[in-house]
Amino acid sequence: MSDTNKRALITGITGQDGGHLAALLHEKGYEVFGIIRGQHNPRRQITQQEFPYVNLIDADLTDQSSLVRAMQLAKPDEVYNLAAISHVGYSFKNPQLTADVTGKGVLNMLEAVRLTDKDRNVRFYQASTSEMFGGLDYNRPEKGYDENSHFHPRSPYGVAKLYGHWITKNYRESYDMYNVSGILFNHEGERRGVEFVTRKITHAVARIKLGLQDHIELGDLWPKRDWGYAGDYVEGMWRMLQQDKPDDYVLATGETHTIEEFLDLAFKEIGIEDWKPYVKQNPAFMRPAEVDILLGNPEKAEKVLGWERKVDFPGLVKLMVEHDLTIEETKI
Ligand code: NAP
């Protein structure tokens, strides 16, 4: 089947990756369907305006009957399960909700696919995460975590995602479903929610430059992350579902940087070399357990999928600061 005849269903359409993926699939000629939850979701109108070609379907990952209905309406060839409680800090404050949505929600979506796709034609992508690895010294491979690395999640989010990862594999092995778990390291960009540290920084940096705020409050600055650009990562998701056989893949940059390094580059974009006077550390943003270092090894995805990233770390920070400056300027 050519891409022009394909139909895709995306959960998490209102999130960062949902937007990038909807645009990519639309460009490839897919008919795109997206699940939206909540009767007063403020992102409904924004999503409809930004992506007029997306068919929105009311459904919630915790309501399996709504997911069956979504499958019946969309009749998709590909399902991308991106919906989740996705913020690590928030997951410590709402651990049961995180288990219901980020963990059991995957089972609900898989069951909806299994029950409605008797011929096993549907291809399913699960948005797994590097947070499943945990970053502790004892299990950290020198070249970075890969598809065979040991898991040791350090948050309710990571634990729930690990369930999603294994139930995706289990349904592949048990029911002959085309299920893929994409283990993605952090990816950011202009669509990232402002509650996430990278966007929180670039948003604040733009506002500091424009005189709209005078400092930013952050948690620990030493954790290291493997940060890529979300636009590059959704291309990898799509490639995972175009292979002859389903398999699991890591997407990462193979580089790791501290939050301090992110601050260095972001403040340099507005001409500030010493950012310390502008940054206050607030224990409220520190977590009960932290992941020290995340570094991924993308060799398999590069070799098998021909996947490559186009935006490097300085390019990512620049793109985000420039975007936030443009947005904030219009508010003055
Ligand atoms: P995001 O911006 O936080 O988006 C999460 C999406 O999930 C939103 O559209 C949200 O909808 C939806 N959602 C939450 N609860 C729901 C429910 N009960 N039913 C239906 N939808 C629900 O996340 P993202 O950055 O795009 O990430 C996409 C996926 O990849 C997530 O599963 C995330 O955990 C995973 N991931 C992300 C990264 C990363 O660095 N970005 C790395 C690895 C894995 P509302 O608008 O209704 O809130």
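Indexing begins at 1, ligand by ligand and atom by atom, following the structure's order. The structure presented is a predicted model; accordingly, all values stated were derived computationally and were not measured.
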Geometry only, no angles: is [X] polar-contacting ligand 1 at N/O separations under 3.5 Å?
X      : answer
Asn186 : no
Thr129 : no
Leu61  : yes
Ser128 : no
Gly18  : no

N-O pairing of [X] and [Y] below 4.0 Å:
X      : Y      : result
Lys169 : Glu173 : no
Arg309 : Glu302 : no
Glu78  : Arg123 : no
Lys75  : Asp117 : no
Asp248 : Arg172 : yes
Lys6   : Glu31  : no
Glu299 : Lys143 : yes
Asp247 : Lys300 : yes

Proximal atoms of ligand 1 relative to [X] (non-hydrogen, under 4.0 Å):
X      : result
Leu184 : 42 (C), 43 (C)
Thr14  : 8 (C), 9 (O), 10 (C), 11 (O), 45 (P), 46 (O)
Ala127 : 29 (C), 30 (O), 32 (O), 35 (C)
Tyr157 : 33 (C), 34 (O), 35 (C), 36 (N), 44 (C)

Among all residues two or more places apart in sequence or in another chain, which pass the salt bridge (charged side-chain N to carboxylate O under 4.0 Å, His left out) test with Glu190? none
According to salt bridge (charged side-chain N to carboxylate O under 4.0 Å, His left out), who are the partners of Asp324, at least two apart in sequence or on a separate chain?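 Expected list: Arg199.
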Considering only the protein, which heavy-atom contact is closest to [atom], and what is its distance?
atom                    : result
atom 6 (C) of ligand 1  : Gly12 CA, 3.7 Å
atom 3 (O) of ligand 1  : Ser86 OG, 2.5 Å
atom 47 (O) of ligand 1 : Arg37 NE, 2.7 Å
atom 5 (C) of ligand 1  : Ala84 O, 3.7 Å
atom 18 (N) of ligand 1 : Asp60 OD1, 2.8 Å
atom 4 (O) of ligand 1  : Gly15 CA, 3.4 Å
atom 42 (C) of ligand 1 : His187 CE1, 3.2 Å
atom 26 (O) of ligand 1 : Asp17 N, 2.8 Å

Taking 4.0 Å as the limit for heavy-atom contacts, which would you say applies to Asn41 with ligand 1: side chain only, backbone only, both, or neither?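 For Asn41, the contact with ligand 1 is made by the side chain alone.
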Lys161 to ligand 1, any heavy atom closer than 4.0 Å: yes
[Y] side chain reached by [X] side chain, heavy atoms, under 4.5 Å:
X      : Y      : result
Ile10  : Ile35  : no
Glu217 : Phe285 : yes
Asn81  : Phe124 : yes

Measuring from atom 41 (N) of ligand 1, which candidate in Arg192, Glu188, Glu195 has the nearest non-hydrogen atom? Arg192
Judged on heavy-atom distance to atom 2 (O) of ligand 1, which of Gln16, His20, Arg43 sits nearest?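 Considering heavy atoms of Gln16, His20, Arg43, the nearest to atom 2 (O) of ligand 1 sits in Gln16.
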